[in-house]
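Below is one structure, written out as structure tokens; the observations come after it.
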Amino acid sequence: MKTRSIRLRSLSAEAAAVLLALLFLVPFYFLLANSFKPYADILLDASSLPKALRWHNYTKAFDVMNFLHAFRNSLLITVTSIAGLTLFGSMAAYRMVRKPSMYNNLLFTLFVAAMVIPFQSIMIPLMKVGSWFHLVNNMPGLWLCYIGFGSSLTIFLYHGFVKSIPAEVEEAAVVDGCSPYGVFWRIVFPLLKPMTMTIVILNSLWIWNDFLLPQLMLGRPGLRTIPLSTFSFFGQYTKQWDLALAALVMGVLPIVVFFLFLQKHIIEGITAGSVKG
Amino acid sequence: MTRKWINAGWMQQIIFTGPATVAFAIIVLLPFVMGMYYSFTDWNGVADTVSFVGFDNFKSAAQDEGFRQSFLFTAKLTAVAVVLTNVLAFLLALLLTQPIRMRGALRTIFFLPNVIGGLLLGFIWQFIFVKGFAAIGKATDWHLFKLPWLGDEQTSFWAIVIVTMWSGAGYLMVIYIAALINVPKELNEAAAIDGATAVQRLRHIIFPLIMPAVTICLFLALSWSFKAFDVILSLTKGGPFNSTQSVALNIYAEAFQNNRYGLGTAKAFIFFLIVAAITTIQVRLTKKREVEA
């Protein structure tokens, strides 16, 4: 009796979960199915399957939004910013943990406190700062922005992790004649790997998808990222859903593929990052 | 030994903490301090002369009907979206911690919407609400799907809530799953043997034990909704009639469309104070209720 009621319960849980999953997938169906249809077919019936796999919308949208270029820009911005963030963030956090001077403690408090500042509350003066330091309309400027904005969370997460690493190994390496930088790079940084993974994932989802900061900092069309070129595409082709949907599918595809390949790490990273954050 | 200076304590301090500190100072601290200053001026973003106007900007911000409206909207959206997204996420987590098949695939599906950025998300749902819902309405004849979802103030609000839930629930679900797995099985079983119902066990055993996760999830959902910008920009552009304009959108429009930078920074400062206060209070409150497992 008991086992049967348990099996019944898990069966109904399964049915509920599958039903919800199908509901979650509906938007993807609409997006994909209609991206292959000619405009007239979308108007006629948006819920039907496409009659044929027409790639016309895709080839056209690919050219119009200069997809390859946008993809390259997004990739370059995300990868470089994250390389800077992990390197500089881990270095700073390491120093703050190992040398907890009054100055370093104050600095750490500042980094952590700044996590409550929403981007929109400082974006206006940031534009002024951007023009003083020549950060507008060039990629290095945007890299610096992401390193500045991302350093709070990155340092906070690394700080907690470095604390859990015993200092004895480092002391032994110093006795063997290793320089302080060598100790960090050859011994400490590799030990930080699990946290580095978390930080890379959290920051790549953020930077890859970010819209407002690049929208403000990059005016030149040649520097457009995927969100920016999608936005300007929608400005030009309002309501031309056949092309727009193909553009959206291409825009979403890279990050979805990234997620599907790394999903185990991503889900672990999010759990680790939020439990400590 | 000529390179000895490079290993000196002060040099290490500069090399290790310098780059992050400089970037942080230029990108976060400096604009933050400048924002406080500009909020007391009539800066328009272009003119060289900036004059001090005292609290005028804060007064005009408080009297600005559009700004008040955007606050009201944001508060309402936050209240509704935080609760509903968390309920859905918790429900999904409960289902996925039962002994069911395809758990991995289901988890992937529920999480998937979250990796899509806010801007593209809004555009995708714009299509669903305008064309997709109309097609479903035609096929099923359900009134719900025949409404002008993005053309009406009431339904536009719910449209944004739906999109927020669709994209946020998977993320919070992952956190709830991690917490639920850590609830000791013996506690739950012992209570069940003692005759506690499923609801009682949920309330008196599971909830107190996963309180840290609840704190985190409320905190996350709260800050997502309060800072909502991208999704609303691409889904409704703040319309119809500015009824779905969030505070972040209002600040953006004030500065970059009306060119009233002084007023914009004053609004931004008020926005900062409220976001900082809410998040601090909320974390404190829920921290109190945490129970050690």
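Please read all numbers here as calculations on a predicted model, not as lab measurements. Just so you know, these numbers use all the heavy atoms, side chains as well, and skip hydrogens, waters and symmetry mates. Lettering of chains follows the sequences in order, A, B, ..., and the numbering in each one begins at 1.
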Contacting region of Y94(A) [heavy-atom separation from chain B under 4.5 Å]
side chain
Would you please classify the geometry between the F16(B) ring and the F184(A) ring as parallel, tilted or perpendicular, with 30° and 60° separating the classes?
perpendicular
Measure distances from S223(B) to the heavy atoms of chain A and classify the residue's part below 4.5 Å as side chain, backbone, both or neither.
neither
Heavy-atom distance under 4.5 Å to chain B: side chain of S47(A), backbone, both or neither?
both
Relative to chain A, which segment of A139(B) carries a heavy atom at a distance below 4.5 Å: side chain, backbone, both, or neither?
neither
At a 4.5 Å cut-off on heavy atoms, which part of Q263(A) comes close to chain B: side chain, backbone, both, or neither?
side chain
About how many Å separate CZ of R260(B) and CG of N57(B), when rounded to the nearest 0.5 Å?
9.5 Å
When you compare the side chain of I226(A) with that of W208(A), does any pair of heavy atoms fall below 4.5 Å?
yes
Name the orientation class of the two ring planes belonging to F129(B) and F133(B) (parallel below 30°, tilted from 30 to 60°, perpendicular beyond 60°).
perpendicular
Name the region of K138(B), side chain, backbone, both or neither, that has any atom closer than 4.5 Å to a heavy atom of chain A.
side chain
Between N34(A) and K131(B): side-chain donor-acceptor atoms closer than 3.5 Å
no
Contacting moiety of Q98(B), where chain A heavy atoms sit under 4.5 Å
side chain
For L85(A), is it the side chain, the backbone, both, or neither that has a heavy atom closer than 4.5 Å to a heavy atom of chain B?
neither
Is I124(A) in contact with chain B via its backbone, its side chain, both, or neither, using a 4.5 Å heavy-atom distance?
both
L119(B), part contacting chain A, at a heavy-atom distance under 4.5 Å:
side chain
Any side-chain heavy atom of M123(A) sitting closer than 4.5 Å to one from F256(B)?
yes
Side-chain contact test, heavy atoms from C-beta onward, threshold under 4.5 Å: evaluate it for L248(A) versus F234(A) and give yes or no.
yes
Measure L106(B) against the heavy atoms of chain A and call it side chain, backbone, both or neither at under 4.5 Å.
side chain
Does any backbone or side-chain atom of L233(B) lie under 4.5 Å from a heavy atom of chain A? Answer side chain, backbone, both or neither.
side chain
Between L88(B) and chain A, which part of the residue has a heavy atom less than 4.5 Å away: side chain, backbone, both or neither?
side chain
Y38(B) versus chain A, heavy atoms under 4.5 Å apart: side chain, backbone, both or neither?
side chain
Side chain / backbone / both / neither for S101(A) at chain B, heavy atoms under 4.5 Å
neither
Part of F133(A) lying under 4.5 Å from any heavy atom of chain B
side chain
Between L92(B) and chain A, which part of the residue has a heavy atom less than 4.5 Å away: side chain, backbone, both or neither?
side chain
When the 4.5 angstrom heavy-atom criterion is applied to L110(A) and chain B, the contacting part is both
Between W166(B) and F28(A) (judged by ring centroids, cut-off 6.0 Å), do the two rings come close enough to count as a pair?
yes
Less than 4.5 Å to any heavy atom of chain B: does that hold for the side chain of Y29(A), its backbone, both, or neither?
neither
Is the distance between the ring centroids of Y171(B) and W224(B) under 6.0 Å?
yes
Do V249(A) and L32(A) come within less than 4.5 Å of each other through their side chains, counting heavy atoms only?
yes
Close side-chain approach of E254(B) to T265(B), heavy-atom, < 4.5 Å:
no
Here's a test for you: under side chain to side chain contact (heavy atoms under 4.5 Å, CB included), which of L120(B), D230(B), V231(B) qualifies with F211(A)?
D230(B)
Within-4.5 Å side-chain heavy-atom neighbours: F271(B) and N250(B):
no
When the 4.5 angstrom heavy-atom criterion is applied to R107(B) and chain A, the contacting part is side chain
If one checks every heavy atom of S234(B) against chain A at 4.5 Å, the contacting part turns out to be neither
Heavy-atom cut-off 4.5 Å, strictly under: side chain, backbone, both or neither for L121(B) against chain A?
neither
By a 4.5 Å heavy-atom criterion (distance strictly below it), what part of M11(B) contacts chain A: side chain, backbone, both, or neither?
both
Centroid separation F229(B) to F119(A) less than 6.0 Å:
no
Does any heavy atom of chain B fall under 4.5 Å from the side chain of L107(A), the backbone, both, or neither of them?
side chain
